[in-house]
Q: 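Here's a structure for you.
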Amino acid sequence: MERGAIDIADLAGPFDLQATVESGQSYLWNRADGGTYEDLHAHGGDAWYETVVDPIPGVSDERVPVRVRQEGGVRDGTLRWESSGDAVPLLEHLFRLDDDLDAILDATPDLPLLERAYDAYEGMRLTRDPVFPCLISFICSAQMRVARIHGMQRRLRETYGDAVTLGGEEYRAFPTPDRLASRTEAELRDLSLGYRAPYVRRTAEMIATGEAHPREAADLLYEEARESLTRFVGVGDKVADCVLLFSLGFLEAVPLDTWIRTTIEEYYPDCERGNYTDTSRAIRERFGGEFAGYAQTYVFYHLRAGGE
C-alpha cells in the first residue's frame with residue numbers, strides 16, 4: 001500500500017472533500033464511519049472516504065482501491081490518501097483538482113443566489129466519476145433522496161462487486177456491465193431498486209453486448225451528447241445531463257431536477273419555456289453558459305440543504 005498527500009494550497013482554488021463527495025454528484029464513495037449522506041449540510045469534515053475506482057481511459061488501466069481524507073482548511077489543508085499505487089493522478093481526475101475553481105466561479109454571473117451558494121460551500125468541486133457507475137447511479141435516482149440512491153449503489157457493490165483489498169481491508173468494486181446484465185429483474189428488485197431494476201439490467205446489457213456505450217457521448221456536441229445517452233433504458237434528459245456533468249466533463253450541462261425547476265420558478269421564472277430543451281438552454285444561459293453546471297451544482301446543494 002502506498003500513502004501520500006496533496007497540498008491544497010498548491011491547487012488553483014479551494015477544495016472541500018466532504019462537500020464534493022456528499023453533495024449529490026457521486027454515489028460511489030463510502031464514509032468510513034458509515035455516515036455518508038446523513039447530513040444535508042455536509043462540508044468541512046475530516047472523515048476517511050473509501051472506494052474502488054473502475055478503469056478510466058488515460059488515467060488508470062485497472063481497478064484501484066483508494067482511501068482519502070482532508071485535514072485542515074479548504075485553502076491551506078492537506079488531502080491525505082492511501083491506495084494500491086500513486087493515487088495523485090486519479091484524485092486529480094475524480095475531483096477535478098486541475099480546475100481553476102476561483103476563475104470558474106468568477107466567470108459565472110453575479111447573481112445573489114449564486115453568491116450565497118458559493119459562500120456556503122466554498123471549495124466544492126464537480127466530480128468526474130467513471131461513466132458506467134455514474135450512469136447506473138442516476139438511473140436509480142428517479143424520485144429518490146440522495147441517501148437512498150447511495151444505499152442502492154452500496155448494495156449493488158456489496159452483492160455483485162468483485163472484492164479488492166487494501167492494507168488488509170476488503171472493499172467492493174462496482175459490478176461490471178456483464179455482471180449486472182446477467183442478473184434477473186427479481187434479483188435487482190431484492191436490492192430495493194424497484195421499478196428501476198429492469199432499466200439497470202437492460203442498460204448493462206446494452207453496454208455488455210457492445211450495442212452502445214455511454215463514453216461515445218464524450219465526442220459529441222453537448223445537446224447531441226445528451227440525446228445519445230437517452231438511448232439507454234431509463235435515461236431521460238435529466239439523467240443524461242447528470243452523466244454528462246458528473247462524469248463526461250460537459251461543464252455547461254444543467255440537469256433540470258426538482259430543485260433546479262423550483263429555482264427557476266422562484267428566482268428566474270422567465271427561463272421556463274415549457275419543455276426541457278428550451279428551458280435548459282435558458283437557465284444555462286442565465287448561469288453563464290460555459291460553466292453553468294458548476295453554478296447548478298452549488299445551487300442544488302445550497303437549496304437542498306435549506307438555503308435560500
Side-chain angles (χ1 to χ4, degrees), residues 15-54 65-70 74 79 81 91 94-96 117 120-161 169 171-175 188 191-194 196-197 200 234 238-239 241-243 245-247 255 257-260 262-263 293-294 296-307:
F15 178 64
D16 187 317
L17 175 63
Q18 185 176 23
T20 300
V21 170
E22 295 195 51
S23 53
Q25 306 178 59
S26 176
Y27 299 96
L28 306 182
W29 293 85
N30 288 331
R31 208 164 82 192
D33 63 6
T36 318
Y37 282 117
E38 282 185 350
D39 188 354
L40 288 179
H41 188 58
H43 66 100
D46 61 358
W48 282 99
Y49 290 88
E50 307 162 338
T51 193
V52 178
V53 185
D54 280 356
V66 61
R67 302 179 74 240
V68 62
R69 68 175 295 194
Q70 183 166 346
V74 300
L79 199 61
W81 57 264
L91 295 173
L94 293 173
F95 298 139
R96 301 195 67 94
Y121 297 105
E122 183 183 15
M124 184 178 72
R125 293 178 180 243
L126 291 181
T127 58
R128 193 156 40 191
D129 278 345
V131 69
F132 178 65
C134 182
L135 177 62
I136 296 300
S137 295
F138 283 102
I139 287 175
C140 292
S141 70
Q143 301 178 350
M144 280 287 143
R145 293 180 294 108
V146 293
R148 292 193 64 187
I149 302 166
H150 180 262
M152 290 180 185
Q153 309 318 303
R154 187 185 66 249
R155 287 189 291 274
L156 284 172
R157 291 193 300 271
E158 292 173 350
T159 306
Y160 299 121
E169 297 292 329
Y171 304 95
R172 292 282 173 169
F174 198 83
L188 295 177
L191 301 182
S192 302
L193 267 65
R196 304 157 196 84
V200 168
K238 191 270 286 188
V239 170
D241 268 336
C242 289
V243 177
L245 182 58
F246 303 133
S247 176
D257 61 13
T258 299
W259 291 104
I260 297 305
T262 299
T263 299
Y294 256 107
Q296 180 271 346
T297 304
Y298 272 88
V299 167
F300 167 88
Y301 196 29
H302 178 61
L303 295 183
R304 187 177 68 83

Q: Taking side-chain hydrogen bond (donor to acceptor under 3.5 Å, both in side chains) as the definition, give me every residue that meets it alongside Tyr298, ordered by chain and number, with sequence neighbours left out.
A: none

Q: Restricting to salt bridge (charged side-chain N to carboxylate O under 4.0 Å, His left out), what partner residues turn up for Arg67, sequence neighbours left out?
A: Glu50, Glu82

Q: Quick one: salt bridge (Lys or Arg N to Asp or Glu O under 4.0 Å) pairs with a partner in residues 21-42, sequence neighbours left out?
A: Glu22-Arg31, Arg31-Asp33

Q: Can you list the residues that meet the salt bridge (charged side-chain N to carboxylate O under 4.0 Å, His left out) rule with Asp16, with sequence neighbours excluded?
A: none

Q: Any salt bridge (Lys or Arg N to Asp or Glu O under 4.0 Å) pairs touching residues 122-135, not counting sequence neighbours?
A: Arg75-Glu122, Asp98-Arg128

Q: For Asp54, what residues pass the salt bridge (charged side-chain N to carboxylate O under 4.0 Å, His left out) criterion, not counting sequence neighbours?
A: Arg63

Q: Show me the pairs that pass salt bridge (Lys or Arg N to Asp or Glu O under 4.0 Å) and involve residues 139-150, at least two apart or across chains.
A: none

Q: Quick one: ring-ring contact (aromatic ring centres under 6.0 Å, His included) partners of Phe138, sequence neighbours excluded?
A: Tyr27, Phe246

Q: Take Gln296 and Leu126 through the test side chain to side chain contact (heavy atoms under 4.5 Å, CB included) and record every step on the way to the result.
A: CA-CA 10 Å; Gln296 180 271 346; Leu126 291 181; 6.0 Å; no

Q: Going through the distances and angles, do Ile136 and Leu156 end up as a side chain to side chain contact (heavy atoms under 4.5 Å, CB included)?
A: CA-CA 10 Å; Ile136 296 300; Leu156 284 172; 4.0 Å; yes

Q: Checking Thr51 now: which residues fulfil side-chain hydrogen bond (donor to acceptor under 3.5 Å, both in side chains) with it, not counting sequence neighbours?
A: none

Q: List the residues meeting ring-ring contact (aromatic ring centres under 6.0 Å, His included) with Phe15, not counting sequence neighbours, and say none if there are none.
A: Phe95

Q: Passes side chain to side chain contact (heavy atoms under 4.5 Å, CB included), Val52 versus Arg157? Steps please.
A: CA-CA 10 Å; Val52 178; Arg157 291 193 300 271; over 6 Å; no

Q: Run the ring-ring contact (aromatic ring centres under 6.0 Å, His included) test against His150 and tell me which residues pass, sequence neighbours left out.
A: Tyr37

Q: Give, for atom CZ of Phe300 and atom SG of Cys242, the distance between the pair rounded to the nearest 0.5 Å.
A: 8.0 Å

Q: List the residues meeting salt bridge (charged side-chain N to carboxylate O under 4.0 Å, His left out) with Arg196, not counting sequence neighbours, and say none if there are none.
A: none

Q: Report the C-alpha distance between Tyr160 and Leu188 in whole Å, list the side-chain angles of each, state the deciding distance to 0.1 Å, and finish with yes or no for side chain to side chain contact (heavy atoms under 4.5 Å, CB included).
A: CA-CA 10 Å; Tyr160 299 121; Leu188 295 177; 4.1 Å; yes

